Protein chains: 2
Amino acid sequence: MRLKKKERQDILIKTIEENPFITDEELSKNLCVSIQTIRLDRLELAIPEVRERIKNVASQSYDDSVRTLALEEIIGEIIDINLDQSAISIFEVANEHVFKRSLIARGHYLFAQANSLCVALINAETALTARANVQYIRPVKINERVVAKAKVLEKENTKGRTIVEVESYVGNDLVFLGEFQMHRSN
Amino acid sequence: MRLKKKERQDILIKTIEENPFITDEELSKNLCVSIQTIRLDRLELAIPEVRERIKNVASQSYDDSVRTLALEEIIGEIIDINLDQSAISIFEVANEHVFKRSLIARGHYLFAQANSLCVALINAETALTARANVQYIRPVKINERVVAKAKVLEKENTKGRTIVEVESYVGNDLVFLGEFQMHRSN
DNA sequence: ACTACTACTAGTATCTGGTCTTAAAAATGG
DNA sequence: CCATTTTTAAGACCAGATACTAGTAGTAGT
């Protein structure tokens, strides 16, 4: 019966994972054991009670709403930056970034990574994008890591714009190329 | 005493709104009334108990994780579409889309609206962006409604690419201009 | 001053979904 | 067959409520 217990607990974990709102009573019915067994299992597996689980989901989403905004600020994680010179960011393509059918990243995410890298790069009160010219060289798939490298070509051209070139790679493959004209104020 | 009641209930609403995790007991201490009064107030105002409120927050975030994905599919709401010809979408600039300091929309959202409109416009199994050339004419502020109009200029050029022009307006002002080269497969 | 009414408080029974503890029954391994 | 593990049962208790009954304080109208 040891296997059976292990098996049940595995199912228990998965069930709760995919539906944290389930009560012990429902679980006991699903798994055809007494409610006490479920509680022993939760005790062994250190799984909190329904209300705690729900509270966790809720408070996590509360934090997330902040985190989401913060994430949207900059698409990709900036790992190196030399103001007005160069910068590098990494962006991991997850399932929310891809077309469901093809699992290829939506173009605007690569754009967003490059664009927000340019914004971060500009050493000014506010930096706005004036123009952008981008090329998608190779489709980027889910789970790939895109490394974007930005380089300032002209710090201030005749129109007062900063020209930034961005090259994005997956491994050694160049996947995206962009030239951004940034406007700086103050 | 009528004013006092109204006032208390206003505070109650706000308190619960900003912290749905608060119990009746805590509320009663905060507002210096009995726990029964709080419960009468909740009854009058049709505010559910803590556990229900927490559950709502949790399940909302559960739905949201799906909804977020769906939303990210297409930035902006498509209101008119003629496959391989033209399309229109509306995008309302909210606080999660703007720079906190200037309240100006981040460039990649306007790009995303235009780009996803182009993707939707293409009558093919999958449509990928090959190149894009965009201009930001005028900064877009928070709460403004951006109307993007896409028009197919060339259905299939020599390279088999579809050329789409997008003009985005806020009222009568042209704020964004883009030309997208789309790649179609199957 | 008496009455009617609103606002508030208090208390009890009940519910849900648990915890914690003790203990007995059932299954299993050797 | 016996020891151990696993499962079930039973009882007391808790948080955070609902639902209901009842009583009190203050205010307004006549």
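This one's a predicted model, so the numbers in the text were calculated from it and none came from an experiment. A, B, ... follow the sequence lines: proteins, then strands. Residue 1 opens every chain.
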[N] [atom2] sits how many Å from [X] [atom1], rounded?
X       : N      : atom1 : atom2 : value
B:Glu52 : D:dT18 : CD    : C1'   : 12 Å
B:Lys55 : D:dG16 : NZ    : P     : 15 Å
A:Leu27 : D:dT7  : CG    : P     : 15 Å
B:Ile54 : D:dA17 : CD1   : P     : 9 Å
A:Glu25 : C:dC15 : CD    : P     : 14 Å

Fill in the blank from the handout: Paired to D:dT30 by Watson-Crick or G-U wobble criteria (both distances under 3.5 Å) is C:dA1

Problem - Aromatic B:Phe180 / basic B:Arg131 pairing, under 6.0 angstrom, 45° off normal - result: no

Exercise for the section: Using the six-membered ring of B:Tyr169, assess whether NZ or CZ of B:Lys149 lies under 6.0 Å from its centre and within 45 degrees of the ring axis. Expected result: yes

Problem - Shared hydrophobic cluster for B:Val33 and B:Ile22 (ILVMFWY, side-chain gaps under 4.5 Å) - result: yes

Exercise for the section: Indicate the atoms forming the closest heavy-atom contact of B:Ala120 with B:Leu83, along with that distance. Expected result: O-CD2, 3.7 Å

Exercise for the section: Compare all side-chain heavy atoms of B:Ile104 with those of B:Val140 and state whether any distance is below 4.5 angstrom. Expected result: no

Problem - Check: A:Phe91 ring centre within less than 6.0 Å of A:His97 ring centre - result: yes

Practice task
Within residues 32-51 of chain B, find the residues that approach DNA chain C with a heavy atom at under 4.0 Å, and present them sorted by residue number.
Solution key: B:Val33, B:Ser34, B:Gln36, B:Thr37, B:Leu40

